[in-house]
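Counting convention: from 1, in listed order, for ligands and their atoms alike.
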Amino acid sequence: MLINVERLKKNIYELAKFSDEGKGIKRLSFTKTYKKGINFVRELMEDAGLTTKVDSVGNLIGRIEGKDKDEPAIIIGSHIDTVPHGGMFDGTVGVLGGIEVIKTLKENRYYNNYPLELISFIDEEGTAPALIGGTFGSRAMMGLIDVDTDLRENLKKVDLLENDVNSAYRDPHTIKNYLELHIEQGRILYDEKIPIGIVTGIVGIWRYVATVRGTSNHAGTTPMYARDDALLKSLPLIKGVNDIAKELDKTLVGTVGKINVKPGAANVIPGEVEVTIELRELEVEIINEAIARIKDIINKIGDIALKQIEAKHPSLMDKNVQLQIERACQSKSIKYKYMPSGAGHDAREMAKKVPSGLIFVPSREGKSHVPEELTELNDIREGVDVLLESIKLLDME
Ligand SMILES: [Zn+2]
């Protein structure tokens, strides 16, 4: 079964025309431009033989019944919303690639066992005109959104009610598998010249604030020997986060991206410094070890309080789905590697409730969320080939 890569390319370039003015692509959820883009995708879905509907929050869903209507569905999904001045491949490769898969199956008179669905999720990027949070559509579908007062107000700005969020919920038992094809948005596949990444999971994110205490005093009159400079004291910690991430594990990343120096004046010795530490990793044990080592450094320095401000747990992809993707690669003689994802995707939310898989294709120079974002056509072709074969393997289970 061969996909039509020229047709897919044409669709990608056609969809890119639905963009607000300015550099790159700007198609923010709930806007007029987004709705036009969704209508374009909906027509393509209908043309591929899918029956379409839009759910209560704005997820576009297409479906083809299988031999048995009561079986759970195999879903291909991603998103077509963008960041402001983003690229034309983030998300769209998954949605339009999914349509190409369905179209190819239809052209080859493939009669699917399970119902097949294609979903274009709304506001994956979290760039809607109101703050409703990223991966909004998939979180709503998996029942992962608690509507509080703030969210209720923000929902109104995009014409949604709390009830719309609740109505978008779907029983995970109606879904056999979720599969997403996405650009890597990093540079590992590009650097290693490997066309396919089989994602093992989406890393968790842990954030801490370390408050380092010193003593503020006049910067002109306090001699160097008599200082207790909080900023200076924080240096081993900042360097330590970087060292620990490099030493401990290949996939662990650690960043100090923000420091707040108090009182923050040229003529005052820093009396207090807040250092924000972020760690991302797939395995909780590695995170625990990293935190233990950070605490060692803190104990050595003294005068530091460490507070956790965020803990987003990793989302693991299903082992069996990973294996089927691997088989798909092998059957097509396409090189692949297993890898974690450092960025969040709709697959992160779906994987919390449904056996899911995520396939990566390379991003040139690792660039994404910028107008220069590019995935070579040949890489897209191989990605869609693997998606097609994986769907067939999952459908035969
Ligand atoms: Zn994306």
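Clustering ILVMFWY residues whenever any of their side-chain heavy atoms sit less than 4.5 angstrom apart, transitively, puts L96 in the very cluster that holds L50.
Not a single N/O/S atom of D346, whether from backbone or side chain, sits less than 2.8 Å from the Zn ion (ligand 1). In summary, no N, O or S atom of H345 is located under 2.8 Å from the Zn ion (ligand 1).
Between E100 and R7, at least one side-chain N (NZ, or NE/NH1/NH2) sits under 4.0 Å from a carboxylate O, which counts as a salt bridge.
Taking the Zn ion (ligand 1) as reference, the nearest N/O/S atom within D90 carries the name OD1.
Between F360 and H345, the two ring planes are perpendicular [angle over 60°; tilted spans 30° to 60°].
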Practice prompt. Apply side chain to side chain contact (heavy atoms under 4.5 Å, CB included) to I277 and T255, showing your working.
Written response: CA-CA 6 Å; I277 301 165; T255 309; over 6 Å; no

